[in-house]
Amino acid sequence: MSISGLSYSPWSPIFWLLASVVVMIMAYFFRRRGQKKYKKDTEQTKIFLCGEEVPEAKQRHIRAHNVYWGFFETMKEYYDANIKAHTGIINDYIIWFLVLIAISAIILFIVGIV
Amino acid sequence: MTQGIPFNVPFLAVAALIGIAFYIIVSQRNLIKLVMGLSILASGVNLFLITLGYREGGVAPIYTHAPAGIMVLPVPQALTLTSIVIAVACLALMLSMVVHIYRHTGSTDSEKSRIMKG
Amino acid sequence: MMSKIVRTMASFLILFVLIYGLYIIMHGHSTPGGGFQGGAVVASGVALLIVAFGSHSIHRSLLERRLSILISIGLLIFIGLAFGGMAKTFFYNFLVGSPIFGHIPPSGPNPGEMSSGGVIPIMDIGVGLNVAGGLSAILLVMALATTVMEVEE
Amino acid sequence: MVVASLAFVEFLVIILARDIYLNGLHIYTLGASSPDLTIPENYIVPVRIILEVDSMSIFMAIISATVSLAAAIYSLSFMKGETGQNRFYTLLLLLVAGMFGMVLTGDLFNLFVFLEIASIAGAALTAFRTKFADTAEGGLKYIVISTVAALMVLFAIGIFYAQYNLINIGALAHVMQYTMLDKIALVLLAIAFMMKLASVPLHMWCPDTYSVAPASITIMLVVASYACLYALFRTCFTLYGVSPDMVTVGWIVITLGMLTMFVGVTMAVFQTDIKRLMAYHCISQTGYMLLGIGVGLAVLNRPEALNTYGIAAMDGGIFHIINNALYKGLLFLTAGALFYRTGTRDLNRMGGLAHKMKWTTIFYIIGALSISGIPPFNGFASKLLIYESVYRFNPILAIVAMITSILTLASFTKAFYSAFMGAELPEYQEVKEVPKSMIAGMAILAAGIIFFSLFPGLVVERLAHPATEALINQGAYISGIMGGGG
Amino acid sequence: MRKIAIAVSLSIFIGFLIATAFLIHPFGYPPSEMDDYIIENTQSETGANNAVTAVIFDYRGFDTLGEATILFTAVTGVVMLFRAKKKREK
């Protein structure tokens with residue numbers, strides 16, 4: 001059984017925990033080697049954009065609607081059909097219920113005969 | 001099977017009632033009519049339960065002043081009583097929600113009053 | 001608010017409706033009826049009053065908060081009796097054979113007795129309170145809510 | 001007081017669970033002169049209502065108790081300032097009672113009654129914030145769906161009663177002959193429960209309802225839908241058992257599970273409302289459970305296949321239930337925390353909240369990593385069990401399950417980026433961390449996740465595997481009622 | 001499209017309901033193991049003459065508890081839903 005496999009395989013969470021601890025320690029060492037001169041709230045922390053004016057926070061943030069734009073554009077037909085099916089009308093929910101009952105009853109009926 | 005009512009007419013009535021109820025539920029866009037359809041559906045199922053317990057020529061299962069003879073089954077009557085009260089409770093809650101929907105959107109049409117989709 | 005004839009008749013009929021409802025609740029263990037049916041009859045009396053006098057004048061004397069206390073009392077009676085049989089099992093009918101309501105009627109058809117049925121008559125009363133209070137509260141609140149809306153528009 | 005009573009319930013459940021794992025199935029006959037007297041003396045069938053608790057039931061009861069405890073603690077400050085709080089907590093406790101009744105009972109009609117309690121309480125709670133326009137719509141959808149499903153369940157109960165004059169699950173399974181009528185009843189029961197647990201294509205009420213309910217209620221509704229999942233398992237495994245059509249039923253469940261996974265997750269990626277996004281994820285995670293259990297159902301008649309991968313698949317599916325209840329609950333609570341502070345559920349209007357709400361961010365990261373199946377977390381453990389076993393059954397199914405997992409990660413990255421990352425937006429300058437009790441509610445679930453992540457083998461062996469055994473072992477359930485040989 | 005779906009699935013569904021009506025036991029002659037026990041032993045076990053009440057409150061008392069709870073839930077829910085309105089009134 002693969003239950004016991006969970007505790008000994010490379011997928012074991014203890015192993016992964018150790019690995020992440022090692023990675024954290026390494027990250028800490030790299031961080032310690034960084035610049036000491038860095039100070040908060042000075043010119044150093046400002047965003048540098050090739051000398052251009054930095055836009056406001058509102059414009060800088062990419063809104064959720066635009067994330068994965070390409071994915072939705074590629075799958076446009078699938079999404080159009082799907083959103084059309086999600087009408088949000090209660091009556092349609094019951095229609096789906098009836099359709100599913102009809103389909104599965106017929107499947108069981110046919111299997112029972114054959 | 002031979003004497004009495006032929007062809008299980010009460011069960012056919014149950015089928016007709018449930019069919020009508022589902023037709024109302026899926027085709028009527030008015031939310032009040034939808035709730036009425038659900039009420040008819042509940043009545044159909046209750047009728048089904050109560051017809052299950054009938055015995056030919058039976059009397060009510062109460063011994064007080066009972067005439068001699070067989071009695072009909074008591075359990076379906078109890079189940080029907082329970083399910084009637086449940087249907088009433090659902091009906092009250094549904095109607096109050098419809099009232100709220102009408103207050104907020106000014107319509108009881110299930111297509112016009114919907115806000116969420118997709 | 002209906003006409004004067006309706007109001008007079010309603011205030012006269014409500015007595016009979018309530019008495020009939022109480023009769024059905026009390027005799028649930030020996031004749032057709034019981035807590036649910038009797039409670040529904042009592043609630044229909046309240047519905048009659050609401051139709052005749054309008055929900056606002058009823059609301060002055062019948063607050064739904066008091067009705068919810070009624071419901072809770074009924075439910076507590078019911079659950080308390082169910083816990084009463086806890087020495088053997090939950091819902092055990094512990095009063096059968098005892099002095100109160102404990103009389104066991106002769107088997108077969110008989111004229112029926114008040115003092116039989118164990119916990120069943122008391123449970124009937126509890127459930128009767130619950131149903132009467134519950135259905136009246138639902139009717140009253142919904143009547144109030146809908147009339148308020150009509151006034152606003 | 002609510003929290004105290006729920007903590008007490010949790011305590012009782014854990015005691016009962018320990019007892020059940022030591023001594024096996026428990027029976028309690030209500031109203032008989034002794035709790036063990038399931039069948040009256042000198043008689044052949046059970047008459048009274050019987051509570052029957054086995055490992056599967058207590059597994060679901062543990063989930064319900066834990067999640068409702070977290071929800072109640074969370075509600076303490078989440079609901080502060082709303083009117084009608086005492087009624088809110090009354091309904092919350094009634095919802096808990098409905099779920100417990102559903103999972104602990106051994107009687108079909110009683111199951112129906114408690115299903116209705118849970119539905120009515122859930123619908124009323126969904127519409128709790130009456131000042132918003134969409135809450136009543138969500139509540140109406142929930143209660144209409146529940147009523148139709150429950151009435152179909154009642155119709156199926158009527159069919160059983162007409163044939164065998166019994167409504168006890170164990171006794172029915174004992175005399176089940178699998179006639180034509182039983183097939184119709186099976187379809188009605190299975191599809192009705194599928195509607196309640198939001199499987200595609202009956203899922204459309206789910207995002208509407210889950211997104212408008214208060215966050216602490218949403219997680220209770222999730223668990224209530226898992227109680228319906230439990231009812232589906234009871235129907236398929238215990239009631240119908242090894243009847244010849246179970247392969248077909250298993251394939252129907254697998255097909256619906258695949259559809260549920262894929263449609264749920266693809267729709268989730270598209271959403272911009274954070275709670276709708278999570279509700280669609282809830283649908284897609286239900287697909288994993290259906291897949292795991294469906295594989296078990298399809299190979300139920302073939303012992304060698306059942307032993308090699310069927311049991312593992314079912315373990316995975318059942319383990320996924322408790323994992324999902326925990327991390328989905330945590331994610332919904334973080335969404336509620338965002339709503340509490342920003343007043344919106346729209347991801348388009350959020351941003352940069354990680355600067356202000358550190359604890360919420362940490363909990364969100366834990367939940368999101370866990371739901372996406374990133375290795376050290378518990379979501380990965382149950383998904384791995386499902387992948388491994390389903391791959392042996394049919395590779396295509398496992399591949400679709402993995403694609404679903406990837407898309408899950410994608411959509412949570414999207415939600416994380418747009419809600420927490422980015423610059424501090426000017427309109428959220430005033431936003432603070434949420435109050436302590438909300439953090440405590442989230443911390444309970446997060447602690448559960450971390451515990452399950454560290455010891456998945458232990459949890460599977462102690463919790464999920466006995467539940468699977470209890471489901472498969474139909475004879476034990478029947479002999480609990482009918483006594484002796486079964 | 002929707003109308004075709006309604007017509008087809010509804011007719012199949014009603015077809016199965018009618019099949020149920022024909023397959024079920026003939027009206028008036030149900031099987032009755034459980035109910036015979038209740039009818040015979042109502043008076044001696046519960047002391048009530050009314051078998052229906054005995055079933056409701058004794059044999060299946062837990063259902064009735066659930067049912068009373070449902071009514072309580074519905075009342076609580078309805079009163080809760082209409083609470084804000086009344087507050088504004090005062």
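The chains referred to below are lettered A, B, ... by the order of the sequence lines, with proteins before strands, and numbering in each begins at 1. From a predicted model like this one, the values you see are computed outputs, not experimental measurements. These numbers come from the heavy atoms of this one structure, side chains and all, not from hydrogens, waters or symmetry mates.
When all heavy atoms are compared, the tightest approach of D:Pro201 to A:Leu100 is CD-CD2, 4.0 Å. The two residues D:Val187 and A:Ala105 make their nearest non-hydrogen contact at CG2-CA, 3.9 Å.
In this structure, A:Glu77 places its CD atom where only 12 or fewer heavy-atom neighbours from other residues, nucleotides or ligands lie under 6.0 Å away. Surrounding CZ of A:Phe71 are more than 12 heavy atoms belonging to other residues, nucleotides or ligands, all under 6.0 Å away. Under a cut-off of 6.0 angstrom, the local environment of OH in D:Tyr391 is sparse, with at most 12 non-hydrogen atoms contributed by other residues, nucleotides or ligands.
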Before you tell me yes or no, could you show the steps for D:Thr413 and A:Tyr68 under side-chain contact (heavy atoms from CB on, under 4.5 Å), namely the whole-Å CA-CA distance, both residues' side-chain angles and the distance that decides it to 0.1 Å? CA-CA 10 Å; D:Thr413 316; A:Tyr68 302 138; 3.9 Å; yes
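With a 4.5 angstrom heavy-atom cutoff, D:Leu407 touches chain A only via side-chain atoms. Looking at D:Met195, only its side chain comes within 4.5 Å of chain A, counting heavy atoms on both sides.
Among the residues in residues 179-186 of chain D, those with a non-hydrogen atom closer than 4.5 angstrom to a non-hydrogen atom of chain A are D:Met180, D:Lys183, D:Leu186.
Counting heavy-atom pairs closer than 4.5 Å to chain A, the top-ranked of the candidates D:Leu454, D:Thr248, D:Thr266, D:Ile145 is D:Thr266. No other option in D:Thr272, D:Val144, D:Val269 has as many heavy-atom pairs under 4.5 Å with chain A as D:Val269. Considering only heavy-atom pairs separated by less than 4.5 Å from chain A, the leading option among D:Ala192, D:Ala149, D:Ala410, D:Ala419 is D:Ala410. For chain A, the option among D:Val263, D:Asp346, D:Leu188, D:Asn378 with the highest count of heavy-atom pairs below 4.5 Å is D:Val263.
The side-chain contact (heavy atoms from CB on, under 4.5 Å) check on D:Ile374 picks up D:Leu369, D:Ser372, D:Pro376, D:Leu409, with sequence neighbours excluded.
Note that CE of D:Met204 and CH2 of A:Trp96 are 5.5 Å apart. Values are rounded to the nearest 0.5 Å. For the atom pair D:Ile143 CD1 and A:Ile90 CD1, the distance stands at 11.0 Å (nearest 0.5 Å). With values rounded to the nearest 0.5 angstrom, D:Phe270 atom CZ is found 10.0 Å from A:Asn82 atom CG. The OG1 atom of D:Thr255 sits 7.5 Å away from atom CD1 of A:Ile107, with the distance rounded to the nearest 0.5 Å. In this structure, CG in D:Leu202 is found 7.5 Å from CZ in A:Phe97, a value given to the nearest 0.5 Å. Atom CD1 in A:Ile103 sits 9.5 Å away from atom CD1 in D:Ile252 (nearest 0.5 Å).
The shortest distance between side-chain heavy atoms of D:Trp251 and A:Val111 does not fall below 4.5 Å.
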